[in-house]
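For reference, the structure is listed below as structure tokens.
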Amino acid sequence: MSDYRAHPGPLHPVRRFHSVPEKPVHIRAQLAAGRSLHNEVGEVLKACDLKSASMTFIGGGLSALKFTTGDIETRADSNKQANFTYIRDWKNCSIAYGAATAGLSVEGMLMLHAHVVFTDVSGEQFGGHLFPECCMISHPIIVHIVGHPNAAIQQFYDDETTHTVFNPVTKANAHVF
């Protein structure tokens with residue numbers, strides 16, 4: 001059974017699924033231990049002259065991990081779409097796999113939106129939305145990057161959802177909601 005909750009703001013006539021006609025580049029890299037996931041991804045993207053990319057994480061480990069999970073908002077007096085659980089801090093986990101999108105924040109800085117499935121020291125499996133600045137790499141992570149050299153993924157405030165969303169833009173033709 002699914003639950004539907006309308007966005008709180010005015011419906012925008014342009015839907016959210018956009019693409020840009022750019023040829024992607026494929027890169028396989030290794031994220032080194034000893035740095036945050038956010039900073040290490042940023043260094044790899046910088047070395048490849050990329051501001052935006054989608055990526056898959058394979059293996060590796062984290063000595064510190066901050067994450068949350070979410071569910072459909074159920075409070076009748078709320079306009080939110082999701083209700084996030086408490087934020088959890090973990091130590092020493094192994095990454096099974098994960099996915100992330102790298103783009104630019106509203107301020108134009110690197111933003112990494114990442115989700116991973118991982119196991120704790122007992123082998124129990126968990127997953128969730130990461131806070132990449134707080135995730136410290138303990139064992140190298142293999143990453144497959146699909147880079148977008150002539151396009152950017154930019155975070156913009158969206159009146160319809162009343163929060164920020166990622167949106168692809170090109171250098172020639174930026175689209176803002």
| remark: When every non-hydrogen atom of Ser52 is compared with those of Gly103, the smallest separation belongs to OG-CA, 4.0 Å
| request: Measure the OG-CD1 distance between Ser36 and Ile137 for me, rounded to the nearest 0.5 Å. | output: 7.0 Å
| request: Could you check whether the rings of Phe67 and Trp90 sit parallel, tilted or perpendicular, using 30° and 60° as the cut-offs? | output: tilted
| message | As a quick check of understanding, evaluate side-chain contact (heavy atoms from CB on, under 4.5 Å) for His148 and Ser54, giving each step before the final call. | response | CA-CA 8 Å; His148 315 292; Ser54 52; 4.0 Å; yes
| query | Any side-chain heavy atom of Val41 within less than 4.5 Å of one from Val143? | reply | no
| request: Taking His144 for its side chain and Ile58 for its backbone only, find out whether a donor-acceptor pair lies under 3.5 Å. | output: no
| query | Taking atom types as modelled and ignoring hydrogens, do the side chains of Ser105 and Glu107 form a donor-acceptor contact shorter than 3.5 angstrom? | reply | yes
| query | More than 12 heavy atoms of other residues, nucleotides or ligands under 6.0 Å from CG of Asp89: is that the case? | reply | yes
| Rounded to the nearest 0.5 Å, how far apart are OH of Tyr97 and CD1 of Ile141? | 15.5 Å
| request: For the residue pair His113 and His115, categorise the inter-ring angle as parallel (less than 30°), tilted (30 to 60°) or perpendicular (more than 60°). | output: tilted
| task | Before giving the answer on side-chain contact (heavy atoms from CB on, under 4.5 Å), spell out for Cys93 and Thr119 the whole-Å C-alpha distance, their side-chain angles and the decisive distance to 0.1 Å. | result | CA-CA 6 Å; Cys93 65; Thr119 56; 6.0 Å; no
| request: Could you grab the distance from atom CG of Leu45 to atom CG of Leu112, nearest 0.5 Å is fine? | output: 8.0 Å
| note | Taken to the nearest 0.5 Å, the spacing of His139 NE2 from Leu62 CG works out to 10.5 Å
| field | Cluster link Val44 to Leu104, ILVMFWY, side chain under 4.5 Å | value | no
